[in-house]
Amino acid sequence: MISKDTIDKVFEFSRVEEVISDFIALKKSGANYKGLSPFTNEKTPSFVVSPSKQIWKDFSSGKGGNVIAFLIEHEQFNYPESIRYLANKYNIEIIETEETAENIEERNERESLFIINNFASSYFQDTLSEKEEINEYLLERGLSGATIKNFNLGYSIDSQSKFYKKANENGYSDEYLVETGLVISNDDKKIDRFRGRIIFPIKSISGRVLGFGGRIIDSNKKIAKYINSPESKIYNKSKTLYGIYESKQFIVKDDMCLLVEGYMDVIQMHEHGIKNVLASSGTSLTKEQIILIKRLTSNIVVLFDGDQAGLAASLRSIDMILEEGLNVKICSFPEGDDPDSFVRKNKKDKMLEFINNESKDFVDFKLSINKDYQDDEDKKVSLIKNILKSISLIPDSLKQEIYLKKLSSVLQIDESSLFRSFANIGVAKSLNRSSKNFYKSKISKVKTEDQKDPSTYIYQLERQIISILLKYGAEEILFEDIILSKDENGKLIETKKDIRSKVFEKVYLDLQQDEIEFTHSPFKSIYNKLIDGFHNHESLSIDNFINDLDSNSSKIVSDILINDDKYQLHDWERKNIYVKKIGSELSQLVNETILNMRRYLIDKKINELQEFQKDGSKLDVLDEVMSYYKLKKMLSAKLNRVV
């Protein structure tokens, strides 16, 4: 585990504008920077980076947060990967907390395998650069130098042990060389696995080399065309997708993953500007690979070769993708073509046009490859059952119903008959169960769900309080306090008194006095952390505060902090829309916000009492309602409102 000191140092040295500018072009705009969103295809820049607050906000997608949040959103890193990336960028030594001897040994072994793979990748790239005939072969295949470099392609000399000897000279142990699969141990001999092959490094989502694929150039040789690294402690084929490091940000941006079979399919499509593509590396698609794609998008288009092997692989994938709740379409290429050959012949625009026109959902696809059902009733029944089985795997009951209706319409089968058939094969029970659970959960949520609708009055008030605390919590100012009491006749009277207090103390004491609870859970969590922070420290560092929040809370806080900048950037006043400057008349702003919250709660209490009164007229309830009305009238007068 990374030590707290290391994490603190990473946050201390990291600059959000420096990190983000490594990925997107930023231009100075006043005190901030602006650029085009990397998450949407916008034409007018709405991506704002605030160096002073060390946060970013993308107004086109709603995403935002600190530097860690950006790496998680853009690079799909997890938290430790983000910390390690930043530590490496700023040359910060990573200190690990105490671990067991077993954990240290395992981590060291894994790290050793990564180091050897990194050495091998560099060695193969250097070898390729020296082999003119291999470079010419790749250029003939349509690959530019930039694409070759982007995917770190390499070459292994057709020699029994040249790589092994070089690795041995550099101090790498036989044990780890064999463990990575780069070297095969045969009796007392050590043999290079990938000799005489073009090398394709297989990377993790964070860019570390997990293993390698190797392809022969001379197809006349009676050996396997492709071979891969064997599985190891760092390489698991079922959890790896080729091209994920190079393609991840494009998949997120396009909200679509094009899934192909081979390395060259991925590389060739990148060469032609189609970059939201991954390959299952010739293995059958696994659940783990689908879950990996799910981190990036919920939409998959399976591109398969126009042969029987490609068709069989595609059919196996469909049900697994549906079962994970993803949207899937299938695009079949003409016989004799694959994505590699097709994009080389037809280029980018025609390739995209073909995918767009030929992609089918699973119902249409299964019908299109089984056209003989039209002349054979038994085949038709078998096909319907097959499609119904696929529909039953979809976790969303609404989608199930949509596909059932579509199947009914396409095959011109009575809808009720089709639903009965659905029941007869035993899937209707699961549909009924999921529907009941769905409605049951919705009912319970209606009763207990916290306030999440940004358009509601109380949501905006709670957001305003968080904004005040973030921007002015530690400031000490003069407040005009109102003390309510009753005179001899029981009439409410107010007494004004000037009190000097810090903003957070004023807010905290007033809300505590009225026992006001936040209705929106994230706001409640942020509020409690802010109050704790102000109580425990003389001044609260907002940078450190954001860094200690979870990703959702960090996004909310960033959104609030950068909101003023949004108005300044758009220059609303030139359009005769005047945005109130939060810093002015701070005392009045704090008082009005708290008074509005009190007024809202009074309205809520009055409604509750009136509902209670409907069950039977009770004089004491009526008196209580009238007392609340008087209090509401007084607060409304203070807020210059009409009751």
Side-chain angles (χ1 to χ4, degrees), residues 41 43 134-153 198 200 213 215-217 219 225-226 241-282 285 293 296-297 299-315 317-318 321 327-362 364-369 371:
N41 292 312
K43 293 181 180 178
I134 308 301
N135 278 286
E136 284 178 4
Y137 169 81
L138 292 172
L139 290 171
E140 285 172 11
R141 290 293 303 266
L143 300 184
S144 65
T147 299
I148 292 169
K149 185 177 180 181
N150 186 40
F151 282 89
N152 305 121
L153 301 187
I198 293 172
F200 302 84
R215 184 191 191 281
I216 59 169
I217 296 175
S219 56
K225 185 177 180 180
Y226 280 97
L241 287 158
Y242 183 73
I244 194 160
Y245 175 67
E246 293 82 4
S247 301
K248 59 188 176 182
Q249 68 187 79
F250 301 101
I251 294 170
V252 172
K253 188 172 183 177
D254 296 339
D255 194 21
M256 172 73 69
C257 173
L258 303 176
L259 190 62
V260 297
E261 280 191 66
Y263 305 137
M264 285 304 296
D265 294 329
V266 173
I267 295 169
Q268 200 64 250
M269 289 178 76
H270 266 259
E271 175 67 39
H272 286 82
I274 303 170
K275 300 184 178 183
N276 56 326
V277 55
L278 299 175
S280 54
S281 304
L285 193 66
I293 297 171
L296 307 173
T297 181
N299 302 299
I300 298 177
V301 179
V302 180
L303 309 181
F304 72 93
D305 307 351
D307 56 24
Q308 284 302 311
L311 175 61
S314 221
L315 288 170
S317 302
I318 290 170
I321 294 170
N327 305 314
V328 60
K329 287 191 174 182
I330 307 96
C331 180
S332 172
F333 287 91
E335 193 165 347
D337 264 324
D338 56 21
D340 173 11
S341 63
F342 193 90
V343 76
R344 270 190 288 147
K345 286 188 290 187
N346 296 281
K347 308 309 176 191
K348 178 180 178 180
D349 290 343
K350 285 190 177 180
M351 177 71 160
L352 292 174
E353 183 182 354
F354 181 85
I355 293 171
N356 187 52
N357 292 338
E358 297 299 321
S359 294
K360 298 178 175 70
D361 66 37
F362 71 95
D364 288 334
F365 177 69
K366 289 192 174 187
L367 291 173
S368 71
I369 61 173
K371 290 180 180 176

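Numbering of residues begins at 1 and proceeds along the displayed sequence.
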> Got Phe200 and Met264 here, is their nearest side-chain heavy-atom distance under 4.5 Å?
Replying inline: yes

> Is a side-chain donor or acceptor of Ser317 paired with a backbone partner of Leu285 at a separation under 3.5 angstrom?
Replying inline: no

>> For a side chain to side chain contact (heavy atoms under 4.5 Å, CB included) check, start with the C-alpha distance between Ile244 and Leu296, then their side-chain angles and the critical distance, and finish with the verdict.
In response: CA-CA 10 Å; Ile244 194 160; Leu296 307 173; 4.2 Å; yes

> Would a distance-only check, ignoring hydrogens and angles, find a side-chain to backbone donor-acceptor pair under 3.5 Å from Asp364 to Lys360?
Replying inline: no

> Can Lys329 and Val302 be said to form a side chain to side chain contact (heavy atoms under 4.5 Å, CB included), step by step?
Replying inline: CA-CA 6 Å; Lys329 287 191 174 182; Val302 180; over 6 Å; no

> Heavy-atom count around Lys347 NZ within 6.0 Å, excluding the residue itself: above 12?
Replying inline: yes

>> Check the orientation of His270 and Phe151. Use parallel for under 30°, tilted for 30 to 60°, and perpendicular for over 60°.
In response: perpendicular

> Got a sec, which residues hit ring pair (Phe, Tyr, Trp, His ring centres under 6.0 Å) with Tyr245, two or more places apart in sequence or on another chain?
Replying inline: none

>> If you compare all heavy atoms of Val266 against all heavy atoms of Gly243, which two are closest, and at what distance to 0.1 Å?
In response: CG1-CA, 4.3 Å

>> Between Phe304 and Phe333, is the ring centroid distance below 6.0 Å?
In response: no

> Taking the side chain as C-beta and beyond, is there a heavy-atom pair between Phe342 and Leu303 under 4.5 Å?
Replying inline: no

> About how many Å separate NZ of Lys345 and CG of Asp337, when rounded to the nearest 0.5 Å?
Replying inline: 3.5 Å

> Do the side chains of Ile267 and Ile148 get nearer than 4.5 Å, heavy atoms only?
Replying inline: no

>> How long is the straight-line distance from CG of Asp349 back to CD1 of Ile274, given to the nearest 0.5 Å?
In response: 8.5 Å

> What pair of heavy atoms forms the shortest contact from Phe354 to Ser332, and how long is it?
Replying inline: CZ-O, 3.5 Å

Listing, residues 136-144 side-chain donor-acceptor contacts under 3.5 Å, not counting sequence neighbours, or none:
residue : atom : partner : partner atom : Å
Tyr137  : OH   : Arg141  : NH1          : 3.2
Tyr137  : OH   : Arg215  : NH1          : 2.9
Arg141  : NH2  : Asp340  : OD2          : 2.6
Ser144  : OG   : Thr147  : N            : 3.3
Ser144  : OG   : Thr147  : OG1          : 3.2
Ser144  : OG   : Glu271  : OE1          : 3.0
Ser144  : OG   : Glu271  : OE2          : 3.4

>> Let me confirm one number: the CD1-CG distance from Ile330 to Asp361, rounded to the nearest 0.5 Å.
In response: 7.0 Å

>> Using only atom types and a distance under 3.5 Å, with no angle test, would you say the side chain of Asn346 pairs donor to acceptor with the backbone of Val343?
In response: no

>> Applying side chain to side chain contact (heavy atoms under 4.5 Å, CB included) to Ile251 and Val277, what does each step give before you reach the verdict?
In response: CA-CA 7 Å; Ile251 294 170; Val277 55; over 6 Å; no

>> For Glu358 versus Cys331, what's the shortest heavy-atom pair and its separation?
In response: CB-SG, 3.9 Å

> How far does CG of Leu278 sit from SG of Cys257, to the nearest 0.5 angstrom?
Replying inline: 4.0 Å

>> Could you report the tightest heavy-atom contact between Val301 and Met256, atom names first, then the distance?
In response: CG2-SD, 3.4 Å

> Is there side-chain contact between Arg344 and Gln268, with heavy atoms separated by less than 4.5 Å?
Replying inline: yes

> When rounded to the nearest 0.5 angstrom, what is the spacing between CD1 in Ile369 and CZ in Phe365?
Replying inline: 4.5 Å

>> Please give me the minimum heavy-atom distance between Met269 and Leu258, naming the atom from each residue.
In response: CE-CD1, 3.7 Å

> Hey, does the side chain of Ser359 reach the backbone of Asn356 with a donor-acceptor pair shorter than 3.5 angstrom?
Replying inline: no

> Rounded to the nearest 0.5 Å, what separation is found between the CD1 atom of Ile134 and the CD1 atom of Ile217?
Replying inline: 3.0 Å

>> Donor-acceptor pair, distance only, cut-off 3.5 Å: does the side chain of Asp255 make one with the backbone of Thr297?
In response: no

